[in-house]
Q: 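Below is the structure I would like to discuss, written out as structure tokens.
Keep in mind that what you see is a predicted model, and the values were worked out from it rather than measured. Residue numbers count from 1 along this sequence. Side-chain atoms are counted along with the backbone in the values below, which use heavy atoms only and exclude waters and symmetry mates.
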Amino acid sequence: KLSANSASESQLKFMLQQQPDATHLNFALGNFYARQAKWPEAQSEYFKAWQGNSKNADYVYNLAVSLDQIGKPEEALRFYKDCLTLAINQNISFSKEIVEKRIQRISSK
């Protein structure tokens, strides 16, 4: 299995052509774009990953962050809340404390 760090954009796109339902590849491509601060592209891939597996807390979290980055904090808020709910029963790669602080910040505007 290819790690997200070693995979290039073209490799990921090729693998997605072969396996269009492989949500982990959308997630990896989203991470690739996020590292380059290509947030609209990242948001699109995170959305596809979420559509394929809306119960994955990391997918939901990254979708929230990408929506936040493209200036849609109200939309992001829903996904931030969802990722905390899903995180109860999953191993996650994000900080619940950071998410809770972001929820408070968005909610207080």
Q: Looking at every heavy atom in both Pro20 and Asn26, which two are closest together, and how far apart are they?
A: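 Scanning both residues completely, I find the closest heavy atoms to be O-OD1, 4.5 Å.
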Q: Can you tell me how far the CG atom of Leu25 sits from the CZ atom of Phe32, to the nearest 0.5 Å?
A: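 Between atom CG of Leu25 and atom CZ of Phe32 there are 14.0 Å.
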Q: So for atom CD1, which belongs to Ile98, do other residues, nucleotides or ligands contribute more than 12 heavy atoms lying within a distance under 6.0 Å?
A: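 No, CD1 of Ile98 has 12 or fewer neighbouring heavy atoms, counting only those of other groups under 6.0 Å.
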Q: Hey, is the main chain of Gln51 close enough, under 3.5 Å, to the side chain of Ser54 for a donor-acceptor pair?
A: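 Not confirmed, Ser54 side chain does not pair with Gln51 backbone.
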Q: Considering non-hydrogen atoms only, spot the tightest contact between Leu86 and Ala57 and give its length.
A: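 Closest approach of Leu86 to Ala57: CB-CB, 3.8 Å.
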Q: Nearest 0.5 Å, please: how far is NZ in Lys13 from CD in Glu45?
A: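 The CD atom of Glu45 sits 8.0 Å away from the NZ atom of Lys13.
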Q: Would Phe79 and Tyr61 count as a close aromatic pair, with their ring centres under 6.0 Å?
A: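 Centroid distance Phe79-Tyr61: not below 6.0 Å, so no.
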Q: Write down the atom of Tyr80, the atom of Ile103, and the distance for their closest heavy-atom approach.
A: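 Closest heavy-atom pair between Tyr80 and Ile103: CB-CG1, 3.6 Å.
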Q: At what distance, to the nearest 0.5 angstrom, does CD of Gln11 lie from CZ of Phe14?
A: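 One finds 10.0 Å between CD of Gln11 and CZ of Phe14.
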Q: Could you report the tightest heavy-atom contact between Arg102 and Pro73, atom names first, then the distance?
A: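 Arg102 and Pro73 have their closest heavy atoms at NH2-CB, 4.4 Å.
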Q: Run the numbers on Arg105 and Asp68 for side-chain contact (heavy atoms from CB on, under 4.5 Å), then give the verdict.
A: CA-CA 12 Å; Arg105 196 166 293 134; Asp68 219 349; over 6 Å; no
Q: Using modelled atom types and a 3.5 Å cut-off, is there a donor and acceptor pairing between side-chain atoms of Asn62 and backbone atoms of Tyr46?
A: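 Such a contact is absent between Asn62 side chain and Tyr46 backbone.
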Q: Tell me the closest heavy-atom pair linking Ala42 and Ser66, and the distance in Å.
A: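 Ala42 and Ser66 have their closest heavy atoms at C-CB, 4.5 Å.
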Q: Are the side chains of Lys48 and Tyr59 in touch, meaning some heavy atoms are under 4.5 Å apart?
A: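 Side-chain contact under 4.5 Å: no.
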Q: Answer yes or no: is there a donor N or O on one side and an acceptor on the other, between the side chain of Gln90 and the main chain of Lys55, under 3.5 Å?
A: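 Such a contact is found between Gln90 side chain and Lys55 backbone.
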Q: Kindly compute the distance separating CG (Asp58) from CG (Asn53), expressed to the nearest 0.5 Å.
A: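 Asp58 CG to Asn53 CG: 10.5 Å, rounded to 0.5 Å.
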Q: Could you walk me through whether Thr23 and Asn56 satisfy the side-chain contact (heavy atoms from CB on, under 4.5 Å) test, starting with their C-alpha distance in whole Å, then the side-chain angles of each, then the deciding distance to 0.1 Å, before giving a yes or no?
A: CA-CA 10 Å; Thr23 55; Asn56 182 310; over 6 Å; no
Q: Does a side-chain heavy-atom distance below 4.5 Å link Leu67 with Phe47?
A: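 No, side chains not in contact.
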Q: Val60 and Asp82: which non-hydrogen atoms are nearest, and at how many Å?
A: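 Answer, listing the atom of Val60 first, then Asp82: CG1-CB, 3.8 Å.
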Q: Working to the nearest 0.5 angstrom, can you tell me the gap between Lys81 NZ and Glu100 CD?
A: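 Rounded to the nearest 0.5 Å, the NZ-CD separation comes to 12.5 Å.
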Q: Measure the CD-CD distance between Glu41 and Gln36 for me, rounded to the nearest 0.5 Å.
A: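 Reported to 0.5 Å precision, the distance equals 9.0 Å.
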Q: For a quick check under 3.5 Å, do Tyr33 and Glu9 share a side-chain donor-acceptor pair by atom type?
A: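 Yes, side-chain donor-acceptor contact under 3.5 Å.
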Q: So, does Ser44 use its side chain to make a donor-acceptor pair with the main chain of Pro40 at under 3.5 Å?
A: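 Pair absent, no side-chain N/O of Ser44 close to backbone of Pro40.
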Q: Would you kindly confirm whether Phe27 and Leu12 end up in one hydrophobic cluster when ILVMFWY residues are joined by side chain heavy atoms under 4.5 Å apart?
A: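 No; tracing contacts between hydrophobic side chains, which count when under 4.5 Å, never links both residues.
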